[in-house]
Participant: 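Got a structure for you, questions after.
Proteins get letters first, then strands, A, B, ... in listed order; numbering begins at 1 in each. Just so it is clear, the structure is predicted and the values come from calculations on it, not from any experiment.
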Amino acid sequence: APALAEDIKQGGSMTVTYKDDVSTLDPAIGYDWQNWSMIKSLFDGLMDYVPGTTELRPEIAESYEISDDGTVFTFKLRDGVKFHNGRDLTAGDVKYSIERTVNPKTQSPGAGFFGSIKGFEDASSGDADGLSGITVVDDHTIKFELSRPDATFLHVLALNFAHVVPKEEVEKHGADFGKHPVGSGAFKLSEWTLGQRLVFERFEDYWNPGVPKLDQIIFEVGQEPVVALLRLQNGEVDVPGDGIPPAKFIEVKNDPKFKDLIIQGGQLHTGYVTMNVKMEPFDKPEVRKAVNMAINKDRILRIINGRAVAANQPLPPSMPGYAKDYEGYAYDPEAAKTLLAEAGLADGFETELYVMNTDPQPRIAQAIQQDLKAIGINASIKSLAQANVIAAGGEEDQAPMIWSGGMAWIADFPDPSNFYGPILGCDGAVPGGWNWAWYCNEDLDAMAKDADAMVDPAKAGEREVMWRDIYLKVMEDAPWAPIFNEERFTIRSERIGGDDKLFVDPVHIPVHYDEVYAKDVQ
Amino acid sequence: MSQTVAEKNTGTQTPSVMVRLLRRPLALTGLIIIAVVVLAAVFAPWLAPYNPYEQFFEGLTIEGAPLPPNAQFWFGTDLVGRDLFSRLIYGAQTSLIIGVVANGIAVVIGSAVGISAGYFRGWVDTVLMRFTDLMMAFPALLLAIVLAAIFSPSLWIVAMVIAMVNWVQIARVTYTETRSIAERDFVVAERAMGAGAGRILFRHILPHLLSTIIVWATLGIATTVLLEATLSFLGIGVQPPIPSWGNIIFENQTYFTSAPWLVFIPGVAILALALGFNLVGDALRDILDPTQQGRH
Amino acid sequence: MLAYVARRLIQTALILLGISFVTFVLLYLVPADPARQIAGRSATAATVENIREQLGLNLPFYEQYLRYLGGLLNGDLGRSYLQKTEVSELIASRLPASLLLMVGAIFCELVLGLTMGVVAALKRGSRTDDTLMIASFVGVSAPQFVIGILLLYVFAVKFGWFPIGGYGTFAHLVLPSITLGFLGAGWYSRMMRSSLIDVLRQDYIRTARATGVTRAKVLFKHALPNAILPIIAMIGIDIGLFMSGIVVVESVFGWPGIGQLAWQAIQRVDIPIIMGVTLVSACAIVLGNLLADLITPLIDPRIKLR
Amino acid sequence: MTKARAKDITSATGLLEVSGLTVQVATPAGARTVVDDLSFTLESGKTLCIAGESGSGKSMTALSLMQLLPKPMARVSGGTAMLAGRDILALPETEMRQVRGQHIGMIFQEPMTSLNPVLSIGKQLSGAISAHGGLSDSAIRARALELLDQVQIPEPARRLKQYPHELSGGMRQRVVIAMALAQSPQILIADEPTTALDVTVQAQILALIRKLQADLGISVIMITHDMGVVAEMADDVLVMQHGRMVEHSPASVIFSEPRHPYTQELLSAVPRLGEMTGTTEPKRVAARPGTGPDTPLVPEPLVSVKDLTVRFDIKGGILQRPVQRVHAVEGVSFDIRPGETLSLVGESGCGKSTTGKALLNLIPWKGDIRVGGRSTRGLAPRAMRPVLRDVQMIFQDPYASLDPRMRVGDLVAEPLQIHGLASGSELEDRVAYLFKRVGLSTDQMRRYPHEFSGGQRQRICIARALSLSPKLIVADESVAALDVSIQAQVLDLLQDIQNETGMSYLFISHDMAVVEQISHRVAVMYMGRFVEMGGRAQIFENPQHDYTKKLMAAVPVADPSRPRRAFMERAEDLPSPVHELDHVPQQQIARDIGDGHMVWEDHAGNGASGPAHQS
Ligand SMILES: Nc1ncnc2c1ncn2[C@@H]1O[C@H](COP(=O)(O)OP(=O)(O)OP(=O)(O)O)[C@@H](O)[C@H]1O
Ligand SMILES: Nc1ncnc2c1ncn2[C@@H]1O[C@H](COP(=O)(O)OP(=O)(O)OP(=O)(O)O)[C@@H](O)[C@H]1O
Ligand SMILES: [Mg+2]
Ligand SMILES: [Mg+2]
């Protein structure tokens with residue numbers, strides 16, 4: 001039974017492995033599976049979530065106020081928040097950090113999230129040095145003025161891209177700041193051997209004395225997940241950061257030794273097939289609907305050993321706005337054929353299905369391929385490296401169909417809007433964009449804008465409904481065939497304790513490092 | 001090479017190479033293996049018990065695990081529930097084209113370059129061997145990615161890439177050996193007779209490299225078949241669901257503890273094919289090597 | 001010979017130039033936009049454009065290439081797009097591991113391969129010969145991933161003789177070297193066997209035997225130096241091969257070599273890393289071959305460097 | 001001299017009894033017996049000479065006694081060979097190894113292929129010396145130097161570091177001899193040990209063997225076709241033909257009253273030095289109808305060589321930089337006219353083969369060579385081809401110069417194909433004709449070089465060179481390995497062809513009797529230079545230079561009754577053609593002493609004191 005938070009003794013160490021290298025720990029830049037939650041532990045932002053949930057709560061902000069029109073956000077900072085270099089964190093640092101992210105020189109992938117702050121255009125184009133919308137009221141007060149109401153703004157401030165960095169350290173290390181991160185987080189970096197391992201150490205002066213629980217976390221990189229699992233069995237690894245490899249899944253799941261160590265959790269993820277509405281014959285809604293009806297999702301779930309639940313709409317079930325009662329397009333090959341015939345394609349057609357080349361994506365694509373074949377669609381598979389698939393999707397006339405698995409879409413933050421803009425909105429339907437269906441519905445874009453302007457927490461429910469409608473309308477046009485929402489199955493060693501939710505944290509992916517603890521020091 | 005003066009001139013014809021091959025049990029085994037694979041490749045549609053692309057509903061357990069070999073699926077099923085046996089039979093075609101044709105072309109190019117550079121020395125040597133160095137250092141995977149984007153993936157492109165990148169090692173090895181052979185007295189004697197480079201290279205030096213070339217050619221079968229899978233993985237070769245022995249192994253290798261048949265059976269097929277060619281090659285070398293005569 | 005080496009080094013520089021150009025062209029043609037890669041999925045078009053501009057990706061091809069060359073001449077390999085680190089630093093951090101594994105693997109290949117080859121040649125036609133032949137073919141056809149995991153499972157997990165992957169001590173080196181050695185040994189043993197068989201029936205072997213020297217001496221002193229030439233060439237090749245990285249073995253054993261760096265970079269089109277790794281491995285390949293070319297005349301004095 | 005080294009097991013008995021030795025080789029057509037029921041006894045301390053036709057199984061006999069028959073093609077199918085109570089044909093390999101080298105030493109026929117190309121002379125020698133262990137490095141080195149000295153290789157210390165291909169044919173042969181003597185065996189089997197050696201060295205070696213015999217009581221089996229050598233060495237003689245023994249008697253008996261017709265034929269074919277005294281033309285010329293001795297030779301030379309100089313760098317150090325230079329040929333000038341035979345004689349290593357190779361552009365050289373008026377300097381291989389159509393070479397080491405993987409029929413056909421001179425059945429006929437002319441049977445065309453005996457291979461090489469009917473053949477020791485009867489045949493053949501077609505020869509040989517028979521003119525070479533050149537009669541009947549005189553004196557005579565020459569310790573160091581890089585060779589002055597009889601002398605020197613050593 002998990003001990004109560006107060007009873008947990010601090011101390012101990014944990015070893016986490018990843019297959020891929022950790023690229024950078026600069027919060028303005030890091031946007032990987034590996035570094036996302038590492039950065040969250042090294043740095044702090046104004047906002048964060050309750051561990052293991054999608055519930056927002058202030059972090060270094062003590063409190064905040066939102067103006068009625070939803071365009072002014074004022075934050076009061078906590079006392080005694082220190083950087084790892086000993087200096088006190090001030091409101092100026094917050095401003096500096098966000099401006100740094102927006103500054104084009106930083107090349108931050110997250111700059112766009114701050115688009116609602118006043119002065120964004122000037123700052124992001126490099127015309128202005130800072131954001132006129134951010135005002136440092138005093139050392140402990142900071143004020144954000146938005147150019148439009150933005151219901152997601154608190155989530156944005158919880159993003160890594162809004163985490164606070166000390167200016168002097170950034171200037172000291174220049175471009176290498178990502179290798180010498182100094183933040184105000186619960187852990188500080190104590191060792192980084194490139195390509196091998198990183199060691200995090202507990203930050204003694206952390207403003208929240210109860211956190212973190214561990215003294216040390218060792219990250220080892222470059223190891224095959226299968227081997228990481230072997231090492232876990234051998235007691236050398238506590239958390240395999242890449243989860244349970246598909247090849248071992250059934251074996252592990254059925255192994256009584258592991259029974260108590262496996263943790264299952266939802267994810268803000270949807271896997272879908274995009275159909276390029278600008279390419280024949282997917283310009284016909286009937287065809288797209290036929291595809292939706294042709295795919296036998298249950299069989300696909302079986303192929304991936306049941307590690308997901310069938311999806312019928314863009315949003316995953318744990319996302320606010322998910323339409324529980326929506327039935328979507330049921331599996332019905334006969335009806336699909338009829339639809340095709342209506343579209344004048346009774347004899348089917350030839351097309352291509354792009355897919356990223358790592359297991360199990362090509363397998364899923366093959367299952368889809370077989371289903372499509374049953375209704376007369378001959379889709380040949382193009383299985384390519386991730387970068388190439390993404391590039392093909394960004395071309396208007398290149399990829400008729402793409403299976404999104406492995407590339408998208410895990411939410412940046414738990415808000416329904418996050419599933420729309422870049423992947424379904426008109427903004428994304430540009431060359432190089434992520435809207436691989438090239439779907440652009442001006443009406444829906446307008447609706448989305450309205451929804452996001454509903455900042456008032458009281459109207460949250462209304463906003464949810466609005467978003468729900470947007471996604472259902474999308475499904476009417478069927479630019480996607482949603483296939484499944486992935487469930488996360490992860491495993492941890494017996495030594496490591498903590499609420500199960502921490503290991504499948506929807507935000508601190510894959511593990512909430514600050515909150516888990518070592519049992520052997522209890 | 002047409003029949004030689006020496007052969008025509010004697011009454012007692014020694015039996016033809018083929019007959020002599022057939023007389024050796026090992027070579028015969030090799031020939032049989034090759035024949036089986038070739039037949040499988042050619043007659044796949046008639047030989048395969050199932051459609052190799054069909055994902056059988058009963059081909060996976062409830063949990064989604066593939067089935068081990070059983071009465072219905074002789075070699076078991078793969079991760080999406082297809083019949084492995086049928087896929088192997090169909091895959092023979094790809095693997096033959098890669099392992100034999102592409103690899104064969106690579107061997108021919110490599111030997112030609114290596115022998116020429118080793119014999120001519122001077123600028124020919126410099127140009128050819130530096131080009132070989134260049135090709136060896138050439139980022140083949142990158143080329144694969146580029147080609148994958150430019151052309152639609154096909155077996156022939158991957159075969160071409162393999163032929164293009166795989167000749168370099170053979171060139172290096174034959175080069176080194178040729179340098180030594182070219183200094184032997186009989187080569188000097190040939191030059192003294194006015195023999196042209198072509199004759200010296202192909203009639204006098206090449207036969208001495210035969211054993212090396214056979215080794216590389218036969219071992220190359222196994223490695224190119226596996227290389228094809230890597231290249232196809234990057235998108236230039238055969239794309240799923242078309243089977244090849246290499247990609248069956250490649251896709252499934254992480255599953256080898258939970259579904260060993262998916263790795264070991266195609267592995268044995270590749271091994272057998274390479275061994276088959278090796279057995280024939282070894283025998284051929286013995287038969288063609290006069291100093292080995294007298295042993296049967 | 002000095003002149004020869006000097007000439008070869010100049011040629012090496014030219015080869016590197018050629019390789020850098022070809023690689024650059026290929027990368028230019030790769031249909032993946034590095035700026036997009038950096039910008040990530042949430043970036044706006046403006047951000048992407050901005051990044052493209054900063055990296056000079058909007059410049060005409062030749063200008064990009066010249067820029068790169070200019071950096072190269074100053075020893076600057078550029079910064080990784082995605083790792084945000086100096087490429088030289090990334091490569092330097094992995095070079096020792098790659099070198100170590102190269103030495104270990106070549107050692108294993110030689111020990112295993114030459115022994116197998118010699119035994120097979122001496123026992124030609126016997127059952128031992130056949131067994132060794134099959135063993136070498138298994139070595140060549142077996143997927144490294146499988147061999148690696150099996151070795152790990154048996155010797156590290158079950159017997160606990162070696163660590164389960166990692167890098168640092170000699171014990172870490174053993175299993176990955178053996179895995180690679182097993183594959184290479186297949187090649188080496190077959191080559192050794194065939195060239196030794198050729199050598200063993202030469203007249204000079206008969207002369208040596210006529211003096212009554214032991215079989216071992218005949219083998220090691222008289223036959224091997226003649227049979228070793230192709231092996232030297234193969235070692236030269238392997239030096240290059242191993243320096244350009246062996247992805248599978250590195251990731252199975254968590255070995256921080258160049259291979260993983262390169263593989264990840266290729267998957268994600270991290271151009272500076274790909275360029276850097278390609279150039280480094282090209283260097284290794286060219287130098288390995290140069291080494292082989294320099295050693296051959298020392299072994300076979302009839303060969304002259306020209 | 002040689003220390004009497006510990007002779008374990010068989011306390012110094014050189015007694016070998018062979019009975020019923022039968023050797024078979026496997027051919028695609030079935031087993032063929034090449035040695036048939038051979039029996040003989042080698043008395044301790046005695047010399048048994050095995051003479052006989054080329055290809056009669058002499059080498060096979062020798063190899064079978066060492067258990068070194070080429071496996072698996074050849075095997076002993078019957079018989080015993082008793083040495084100290086043991087049958088050495090039946091000894092297991094490990095025990096046989098003790099016998100080899102220590103009890104029986106063997107000298108092999110073909111020196112080039114018998115030496116390991118990648119090991120230095122020193123390595124190979126010390127390997128032989130220490131084959132059975134137990135010697136310190138310095139002792140090994142001392143012994144190696146001693147051995148090289150014994151076989152009269154100049155500058156032994158440097159030679160130790162050289163490789164076989166850097167030595168002349170004769171020097172290689174001497175290295176092989178040194179290896180056989182390395183462990184002072186009680187029995188020495190010598191297969192044509194001196195065929196490649198010039199007469200002076202040959203005399204030294206033969207004397208050396210006799211001395212060893214006297215000092216250590218070793219027994220010798222000597223295989224040779226040179227009846228002069230037989231007469232000089234043999235206690236007993238065994239004559240073989242077609243794998244069988246045809247005669248076995250004491251030497252004196254064989255020479256005085258040969259019984260078997262083959263033996264008689266053999267003896268009658270022996271060329272004798274001085275036979276030709278008084279004639280100017282070669283032996284067979286008389287057979288040429290319509291030409292008298294006074295027919296003037298065409299004045300326009302076919303080949304004209306001026307100041308030919310060939311030097312080889314000797315490289316050293318890890319950087320392989322040239323440290324010294326071999327002055328192999330140093331400013332040689334001569335002409336060969338059409339239809340003329342110029343013989344080149346001289347000490348082993350004096351540059352004869354090198355001169356020949358330069359004519360074919362096979363090695364880099366300096367000076368001027370014109371073939372048919374056309375300079376061959378720096379000609380590319382393609383441009384050389386028409387020249388090579390006219391100039392052919394028979395190499396000194398026949399085995400090494402035949403591609404082991406080709407059938408000999410194809411090898412002989414090759415030149416014709418290369419120059420597009422014949423094809424189809426014409427080609428076949430031509431090849432068959434050539435085979436017959438050199439005394440081989442046409443059914444041997446399908447065989448491979450390794451299936452032939454040394455002499456047979458030499459004839460294949462001759463057939464090859466003849467096939468093109470070139471204008472000049474450089475014949476490098478081309479009849480050295482032939483038994484006298486075949487040798488006579490081949491010499492006759494060469495001369496007949498000359499008479500018919502006007503072919504010229506540059507005939508390189510150390511056999512003075514043969515040279516006397518065949519030459520129009522003779523050049524004597526010493527240390528890379530000519531010391532004397534002139535008409536045959538001029539040289540043989542009126543030798544001027546000391547070195548020429550010495551050569552004449554060293555020729556063995558096929559008369560066992562003559563007193564055998566004693567072994568002479570060398571008085572002074574052997575001269576060496578190896579010099580420092582900055583060495584400037586001494587000038588020489590040519591003196592014409594009449595009728596084109598030239599004698600060269602050192603610039604400073606007076607009289608005929610050219611060479612540095614005299615005996
Ligand atoms: N491997 C072989 N296969 C077939 N025939 C062979 C083989 N080796 C030798 N011979 C034949 O055996 C016979 C005896 O050969 P051997 O070498 O003993 O002759 P030899 O008396 O030494 O002649 P020479 O004086 O010319 O050296 C020859 O006719 C030769 O052609
Ligand atoms: N490739 C080489 N490298 C170095 N020295 C060489 C080379 N070839 C020949 N020599 C040397 O040149 C000299 C002349 O050699 P050459 O072969 O012409 O002698 P030769 O007169 O034919 O003697 P023999 O009668 O013994 O064959 C010898 O001292 C030999 O060692
Ligand atoms: Mg012989
Ligand atoms: Mg010579």
Participant: Tell me, side chain or backbone of D:M66 under 4.5 Å from chain C's heavy atoms, or both, or neither?
Facilitator: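 For D:M66, the contact with chain C is made by the side chain alone.
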Participant: Any donor-acceptor pair under 3.5 Å linking the side chain of D:Q102 with the backbone of C:G212?
Facilitator: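 Pair absent, no side-chain N/O of D:Q102 close to backbone of C:G212.
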Participant: If you round to the nearest 0.5 Å, how far is NE2 of D:H450 from CZ of C:R201?
Facilitator: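 Spacing of CZ (C:R201) from NE2 (D:H450) equals 8.5 Å.
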Participant: Sort D:P70 into side chain, backbone, both or neither according to what part of it lies under 4.5 angstrom from a heavy atom of chain C.
Facilitator: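 Neither part.
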Participant: Please state whether the side chain, the backbone, both or neither of D:T94 comes within less than 4.5 Å of a heavy atom of chain C.
Facilitator: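 Neither; nothing under 4.5 Å.
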Participant: Should we count NZ of C:K221 as having more than 12 external heavy atoms under 6.0 Å?
Facilitator: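 Yes, NZ of C:K221 has more than 12 neighbouring heavy atoms, counting only those of other groups under 6.0 Å.
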Participant: Under 4.5 Å from any heavy atom of chain C, what part of D:I104 do you find: side chain, backbone, both or neither?
Facilitator: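 D:I104 touches chain C through backbone heavy atoms alone.
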Participant: After noting the C-alpha distance and the side-chain angles of C:R206 and D:F108, does the key distance pass the side-chain contact (heavy atoms from CB on, under 4.5 Å) rule?
Facilitator: CA-CA 9 Å; C:R206 187 181 68 189; D:F108 291 94; 3.1 Å; yes
Participant: Evaluate side-chain contact (heavy atoms from CB on, under 4.5 Å) for D:Y399 paired with C:D203, printing each intermediate quantity in order.
Facilitator: CA-CA 10 Å; D:Y399 194 16; C:D203 277 358; 3.2 Å; yes
Participant: State, yes or no, whether a side-chain contact exists between C:Q202 and D:T113 at a heavy-atom distance under 4.5 Å.
Facilitator: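 No, their side chains stay 4.5 Å or more apart.
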Participant: Can you measure from OG1 (C:T211) to CZ (D:R100) and round to the nearest 0.5 angstrom?
Facilitator: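 Going from the OG1 atom of C:T211 to the CZ atom of D:R100 covers 9.0 Å.
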Participant: Are there over 12 heavy-atom neighbours, none belonging to C:K217, within less than 6.0 Å of that residue's NZ?
Facilitator: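 Count over threshold, so yes.
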Participant: Flag the one option from D:G105, D:S120, D:A128, D:A131 with the top tally of heavy-atom pairs under 4.5 Å to chain C.
Facilitator: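 Heavy-atom pairs under 4.5 Å are most numerous for D:A131.
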Participant: Name the region of D:Q67, side chain, backbone, both or neither, that has any atom closer than 4.5 Å to a heavy atom of chain C.
Facilitator: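 The answer is the backbone of D:Q67.
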Participant: Quick check for you: among D:G127, D:S130, D:G101, D:S114, which has the greatest number of heavy-atom pairs under 4.5 Å with chain C?
Facilitator: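 Winner by heavy-atom pair count: D:S114.
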Participant: Distance-only, no hydrogens or angles: does the C:T207 side chain make a donor-acceptor pair with backbone N or O of D:L115 under 3.5 Å?
Facilitator: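 Checked: no pair found.
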Participant: Give the C-alpha distance, both sets of side-chain angles, the deciding distance and a yes or no for side-chain contact (heavy atoms from CB on, under 4.5 Å) between C:R209 and D:L68.
Facilitator: CA-CA 8 Å; C:R209 288 180 60 206; D:L68 286 175; 3.7 Å; yes
Participant: Just checking C:N74: does its CG atom have more than 12 heavy atoms from other residues, nucleotides or ligands closer to it than 6.0 angstrom?
Facilitator: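 Enclosed.
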